[in-house]
There are 2 protein chains.
Amino acid sequence: MYNNKLPTIKEIARRLNVSASTVSRALHHHPSIGLVTTMRVHKVAQELGYEANKTAIYFKERKTYTIGVIIPDLSEPFFSSALTGIEDAAEASNYNVIIGQSLDNFEREKKIVENMKNHRVDGVLVSLTKETSTYAHFDSLKKYNIPVVFFDRVPNRQDINYVACNLVSGMLQAITKLVNMGHSRIGLINGPAKLAATLQRLEIYIQCLKQHHLPLNQDIIVSTTLAKADNRKAIDQLLSLNEPPAAVIVFNDYVLLDCIAAVKAAGLVVNKDISFISFANLPIWEYMESVPLASIEQFAGRQSSMAAGFLLQLINSAATPNVTEPPFLQHIIDSEMIDYTIAG
Amino acid sequence: MYNNKLPTIKEIARRLNVSASTVSRALHHHPSIGLVTTMRVHKVAQELGYEANKTAIYFKERKTYTIGVIIPDLSEPFFSSALTGIEDAAEASNYNVIIGQSLDNFEREKKIVENMKNHRVDGVLVSLTKETSTYAHFDSLKKYNIPVVFFDRVPNRQDINYVACNLVSGMLQAITKLVNMGHSRIGLINGPAKLAATLQRLEIYIQCLKQHHLPLNQDIIVSTTLAKADNRKAIDQLLSLNEPPAAVIVFNDYVLLDCIAAVKAAGLVVNKDISFISFANLPIWEYMESVPLASIEQFAGRQSSMAAGFLLQLINSAATPNVTEPPFLQHIIDSEMIDYTIAG
DNA sequence: TTGTAAGCGTTATCAC
DNA sequence: GTGATAACGCTTACAA
């Protein structure tokens, strides 16, 4: 019943009274092997249902054809789409994907990195935890020549590889729209300071206000850790101002969902009493009534598959070390994006 | 720069003028190794930053400590939650998870199975494609002693292991509620015939109608392939009847989203002109206005982590073949579920 | 207490 | 054309 003995090259060799190397070569259609032998080998292989044990080959090659993906949370559509993108790219190159969910927990992130190192993945793609502010655990991968590419939630540093979005033009369009509608008091609900995206949003926000000759008011700039309760606190803080902002730029669509709930709870009406612009472009807006004026797509799938492509490139360039070409860092800032207007 | 030479057991042995086996044993705190030697080994290991190459160990053990998960589409929250559940269960047992998205494409499913076989995963969890109606590709895993557990989208057969939901009580509650509200004309939008869930829903539907002494009308039972356009067609068909059903049981929340859109497009109002009951309990209902009267949770995470636990059990029982205990099949029908009422 | 050797499945190198 | 051998990194009888 327990037919534990899978056919191996040796077994085929034994049956045909040839050597294992001959079988190996025959199976690969090596030109130096005679046609008859090759055919006989293939015949027996067929009969036995032989299939090469890739784990042996990978072990020998010191490769696993596996990339590790570390993301905060798969139940966020953004990350599951990202994973889809990665899987597509990986599959096209015959790579496997193993996943680790950090659940926005730094210790878990560290543990996952450790595990992936143990499994000797060929490379790692990371979208950081909200909590992550040190990167030693990733540096440890260097020793193993395991390249790392960050995407979307990237650290605020330059000595790393990352893929992120350029949100400038989209945000400028969105703010222009608000201004044209007569709004001048435009607030910002930003994310945690550790994320590069947070600084980025603030910078663009300031830049856009400047272009429209609008004043910069610190009282309508708040931030959230992205936790649900904190999102509520952030929007409530704005709503409780003597003069609440007429429009708010929100860190992302998930934060916005909570903002909308808070607005409703306060008896106000979205797009009448207050308007929003957000980032992510969730597929569900299409089915909802209270929607942002614009939700700026960050192309989870596109971003992540670019990151995956880049990672695979790094893996291959590490495999064939070219002395003339030093290991390079690259920051891909994807600037093609759409300002997907939903309502307004 | 390319420090390809990672520390190995041999290297440590060389430095200490001991044998590799001594090092191996010392690292595992084997009692037969002297305390001094053990300490010296650990010291050098530490200095070199030695970490065991698990791929070598796994290769030797003929295990990969990896389970493969094949699901239709990660962007469906149901499946991403399922994956989360699986990952949790796997991680607790120090297993890795590699994923494959079939994208509801039979050929892809076959290819993924092939790939997982090549990677010698220790077991496979599957939620089937809409298209899948033959199972030979899974049978091929038997030869490699790779156990398979189906979950949620399980084949309509008994000679397999699976984990699925028992929806009877939830659906009965839901229908009772509709009846109590005065509805007697309750329709059904069912899924593709290949899925066990489809048959299941039909059976329960009939059973519930019977319990309430309601007539069974074929004209208000329609089905969809689950494709968006087809969902629309199904609901439109019901709406265009002379006497449309007052309430409809819908295959799942994704189908329902499209139904709701169609209802609105027809100028009708959900929960006034027509009501719905559905399966899945999407997290987004909380943020929406047009919602089902009840959305019956199928516990993606729970179902899938049960499946994962079961699979791990199978893996372990295969590893220690107990002749007295034949390889067993099991059908886990999870009957604990909630009828999560959202509106009404 | 430690060393030797064989083995996991495959391929590359060298020899005949 | 084909075979023997070594090697990938590690574990484990069996010897000493």
What nucleotide among C/dG9, D/dC10, C/dT2 has an atom nearest to a side-chain atom of B/Ala52? D/dC10
Rounding to an integer number of Å, can you tell me how far A/Ile33 CD1 sits from D/dT2 P? 5 Å
Is the phosphate of D/dG3, meaning OP1 or OP2, less than 4.0 Å from a side-chain N or O of A/Ser21? no
I'd like to know if the side chain of B/Thr38 reaches the main chain of B/His29, judged simply by a donor and an acceptor atom lying under 3.5 Å from each other, with no hydrogens or angles considered. no
DNA chain C contacts made by residues 23-32 of chain B, counting heavy atoms under 4.0 Å: B/Arg25, B/Ser32
Between D/dC10, C/dT10, D/dC8, spot the one nearest the side chain of A/Arg62, thanks. D/dC8
Taking the axis from the first five pairs and the axis from the last five, what angle separates them in the helix from C/dT1-D/dA16 to C/dC16-D/dG1, rounded to 10 degrees? 60°
Using atom NZ of B/Lys63 as one end and atom P of D/dT11 as the other, report the distance to the nearest whole Å. 16 Å
Counting only side-chain nitrogens and oxygens, does A/Arg120 get under 4.0 Å of the OP1 or OP2 atom of D/dG9? no
Expressed as a whole number of angstroms, how long is the span from A/Leu6:CG to C/dC8:P? 13 Å
A/Asp152 side chain to A/Ser127 main-chain N or O, any donor-acceptor pair under 3.5 Å? no
Here the pair of heavy atoms bringing B/Gly123 nearest to B/Leu311 is C-CD2, 3.7 Å
Which distance, rounded to the nearest 0.5 Å, do you find between the NE2 of B/His137 and the CD1 of B/Ile112? 9.5 Å
So, using ring pair (Phe, Tyr, Trp, His ring centres under 6.0 Å) as the criterion, who are the partners of A/Phe138 when residues are at least two apart? A/Phe150
Measure NZ/B/Lys54 against C1'/C/dC8 and give the value in whole Å, please. 18 Å
So if I take every side-chain heavy atom of B/Lys60 and compare against D/dC10, C/dG3, C/dG9, which nucleotide ends up nearest? D/dC10
Taking the six-membered ring for Trp, is the centroid-to-centroid distance between A/Tyr58 and B/His119 below 6.0 Å? yes
Tell me whether the side-chain N/O atoms of B/Ser19 come closer than 4.0 Å to OP1 or OP2 in C/dG3. yes
Select base, sugar-phosphate, or nothing to describe what B/Tyr58 touches, counting heavy atoms under 4.0 Å on all strands. nothing
Would you say C/dT2 has OP1 or OP2 under 4.0 Å from some side-chain N or O of B/Thr37? yes
Starting at CD1 of A/Ile12 and ending at P of C/dT11, how long is that distance when rounded to a whole Å? 11 Å
Got B/Lys63 and B/Tyr95 here, is their nearest side-chain heavy-atom distance under 4.5 Å? yes
Heavy atoms only: give me the nearest A/Gly100-A/Met116 pair and the separation to one decimal. N-CE, 3.9 Å
Any donor-acceptor pair under 3.5 Å from B/Arg120 side chain to B/Arg62 backbone: no
Let me know the distance between CD1 of B/Ile9 and P of D/dT11, rounded to the nearest Å. 5 Å
Worked verdict on B/Lys130 versus B/Asp73 for salt bridge (charged side-chain N to carboxylate O under 4.0 Å, His left out): CA-CA 11 Å; B/Lys130 289 168 193 166; B/Asp73 189 356; over 6 Å; no
Atom NZ of B/Lys10 and atom P of C/dA5: how far apart are they, to the nearest Å? 14 Å
Report the distance from atom CD of A/Glu11 to atom P of C/dG9, rounded to the nearest whole Å. 11 Å
Given that B/Asn17 and A/Ala20 both sit by DNA chain C, which one's nearest nucleotide is further toward the 5' end? B/Asn17
Nearest to side-chain heavy atoms of A/Val18, which nucleotide of D/dC8, C/dG9, D/dG3: D/dG3
